[in-house]
Amino acid sequence: MSAEIIKQNPFQSMIDRFNIAADILKLDESIRQKLQRPEKQIVVNFSITLDNGSEQNFEGYRVIHNTALGPSKGGIRYDNAVNLDEVKALAAWMTWKSAVTGIPFGGAKGGIICDPKTLSKTELERITRAYTKALADIFGPEKDVPAPDMGTGPDEMGWLMDEFSLVHGKTIHAVVTGKHLHSGGSLGRVEATGRGVSIITLLALEKLKIRPARSTAAIQGFGNVGLHSALFLYEKGVKIVAVSDVSEAFFNPDGINIPELILYYNLNNKTIKGYPNSVAIKHEELLFLDVDVLIPAAKEDVITKKNANDVRAKIIIEAANGPVSSDADEILQGKNVLVVPDILANAGGVTVSYFEWLQNSLLESWRIHQINKRLEDILEKGFETVFRVSAKYDVSPRIAAYIIALKKVAETQSVKEVALEAPKFKQN
């Protein structure tokens with residue numbers, strides 16, 4: 001299989017699932033085509049001066065998938081593998097994610113082709129500011145609101161906000177979320193996706209009548225999402241028997257002491273490599289362990305038709321975007337594996353991003369317990385709705401989530417189009 005085909009996989013997976021849900025809803029062909037395609041695809045080219053004095057050119061993207069429910073919302077990733085098909089898929093997932101959780105946002109995504117590990121802080125700042133300047137007419141609190149993603153964080157979001165504010169001649173906090181607290185960020189944003197994953201995991205365990213204190217979990221990926229998911233589940237009594245990051249994968253049948261591992265990770269240059277209190281295993285082995293819960297929190301397409309039969313977990317919680325490809329769905333369903341889809345499982349991030357945007361827009365600052373309680377309420381409601389629709393249509397939770405999202409966006413889109421087409425009467 002060529003690298004190009006693999007790159008297109010996430011978008012194709014989204015389309016495959018979209019079509020199943022659209023068929024069930026008997027969606028009109030024109031609205032179906034409209035919701036499959038992004039509203040806007042922007043490609044920007046810009047150059048910056050590197051620290052050594054040489055000029056380097058960069059290519060960046062911003063895809064706005066849909067704005068029927070509100071301003072588009074979505075992260076910006078800095079990675080060498082960034083490509084337009086991936087960004088299109090991620091932008092669409094953001095639309096469905098917001099719709100499933102009832103958040104008044106549309107979906108967008110952005111990215112710059114670069115390796116942030118090889119760039120200095122000053123170079124990253126120049127890249128972020130140049131990208132922002134190129135997209136200054138696209139971004140805006142009521143138009144399109146970026147957020148952090150792979151390879152970006154609060155620093156990049158702060159530079160983006162500052163550059164956007166400079167272009168517009170005034171400070172505009174609500175243009176971006178995931179900022180540092182001192183720049184108008186929200187409490188709870190850093191750990192929001194991981195907290196959301198843990199809330200959804202506990203609800204899934206309850207669904208299968210498995211007590212958290214009797215359950216085991218394996219987590220692939222120990223970045224922001226994997227780390228916080230592991231910590232919150234560990235605190236609830238779930239035994240985390242395996243974790244991995246790009247450097248290494250570890251297994252301990254007696255359970256890994258997650259606070260101890262986090263301390264090691266922070267002291268070891270943000271990597272778990274060499275952690276002493278576990279046995280090193282192959283990366284792929286982690287996906288096939290006999291555990292109650294498997295949490296893929298790394299990249300897309302890690303479980304495919306090729307390896308889905310080897311999965312032994314009872315529950316898969318999609319903490320990453322698109323970790324299970326569409327060609328694996330039927331196999332996992334046949335094995336009775338409960339897959340909680342990404343557009344519900346990792347929606348904690350966009351939910352608290354929405355809270356940050358609201359606080360900025362209202363010039364308010366909420367307390368952490370208020371934020372966590374609201375997050376829990378929204379995710380619990382989303383979970384219950386997905387499983388109710390799943391039972392009603394006799395489909396997987398994933399297809400149920402798509403049915404909910406498509407129905408909501410399609411209906412809102414239709415209402416907006418009717419309003420646009422309404423005849424304009426002259427006033428006497």
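Below, all heavy atoms of this structure are taken into account, side chains as well, without hydrogens, waters or symmetry copies. Predicted model only: the values in this text are computed from it and were never measured.
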Indicate yes or no: at least one non-hydrogen side-chain atom of [X] is less than 4.5 angstrom from one of [Y].
X	Y	answer
Ile20	Tyr402	no
Tyr61	Ile112	no
Asp329	Ser396	no
Thr201	Ile295	yes
Ser414	Ile31	yes
Glu284	Val302	no
Pro141	Ile172	yes

Please answer whether the main-chain N or O of [Y] pairs with a side-chain N or O of [X] as donor and acceptor at a distance below 3.5 Å.
X	Y	value
Lys34	Glu39	no
Ser390	Val395	yes
Asp327	Lys305	yes

Please say whether the positively charged group of Arg195, taken as NZ for Lys or CZ for Arg, lies over the ring of Phe232, i.e. under 6.0 angstrom from the six-membered ring centre and within 45 degrees of the axis.
->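 Satisfied, under 6.0 Å and within 45°.
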
So with a 6.0 Å cut-off around [atom1] of [X], is the heavy-atom count from everything else above 12?
X	atom1	value
Lys236	NZ	no
Glu380	CD	yes
Asn52	CG	yes

Do the side-chain N and O atoms of [X] and [Y] include a donor-acceptor pair separated by under 3.5 angstrom?
X	Y	result
Thr128	Glu156	no
Ser244	Gln220	no
Ser325	Thr304	no
Ser72	Asp144	yes
Thr193	Asn224	no
Lys314	Asn336	no
Asp28	Ser30	yes
Ser353	Arg189	yes

Between Phe222 and Tyr265, ring centroids under 6.0 Å |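 Aromatic pair counts; centres sit under 6.0 Å.
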
What distance separates [X] [atom1] from [Y] [atom2], expressed to the nearest 0.5 Å?
X	Y	atom1	atom2	answer
Ile76	Met150	CD1	CE	13.5 Å
Tyr275	Phe250	OH	CZ	9.0 Å
Ser361	His173	OG	NE2	11.5 Å
Glu376	Leu202	CD	CG	9.0 Å

Passes side chain to side chain contact (heavy atoms under 4.5 Å, CB included), Asp79 versus Asp115? Steps please.
-> CA-CA 5 Å; Asp79 190 76; Asp115 181 359; over 6 Å; no

So [X] and [Y], would you call those rings parallel, tilted or perpendicular, with 30° and 60° as cut-offs?
X	Y	value
Phe139	Tyr131	tilted
His65	Trp96	perpendicular
Trp366	Phe355	tilted

Taking every non-hydrogen atom, the tightest pair across Val100 and Ala405 = CG2-CB, 3.9 Å

Stepwise side chain to side chain contact (heavy atoms under 4.5 Å, CB included) test for Val340 and Ile316 | CA-CA 6 Å; Val340 183; Ile316 295 175; over 6 Å; no

Show the numbers, then the answer: is there a side-chain hydrogen bond (donor to acceptor under 3.5 Å, both in side chains) between Lys299 and Asn321?
-> CA-CA 7 Å; Lys299 291 197 81 173; Asn321 288 311; over 6 Å; no

Identified side-chain contact (heavy atoms from CB on, under 4.5 Å) counterpart of Leu233 within the set Ile240, Val293, Leu205 = Ile240

Should Ile64 and Lys109 be marked as a side chain to side chain contact (heavy atoms under 4.5 Å, CB included) after you check the CA-CA gap, both sets of side-chain angles, and the distance that decides it?
-> CA-CA 7 Å; Ile64 293 168; Lys109 208 77 183 186; over 6 Å; no

What's the verdict on side chain to side chain contact (heavy atoms under 4.5 Å, CB included) for Ile371 and Gln359, showing C-alpha distance, side-chain angles and the deciding distance?
-> CA-CA 11 Å; Ile371 289 162; Gln359 290 169 82; 4.3 Å; yes

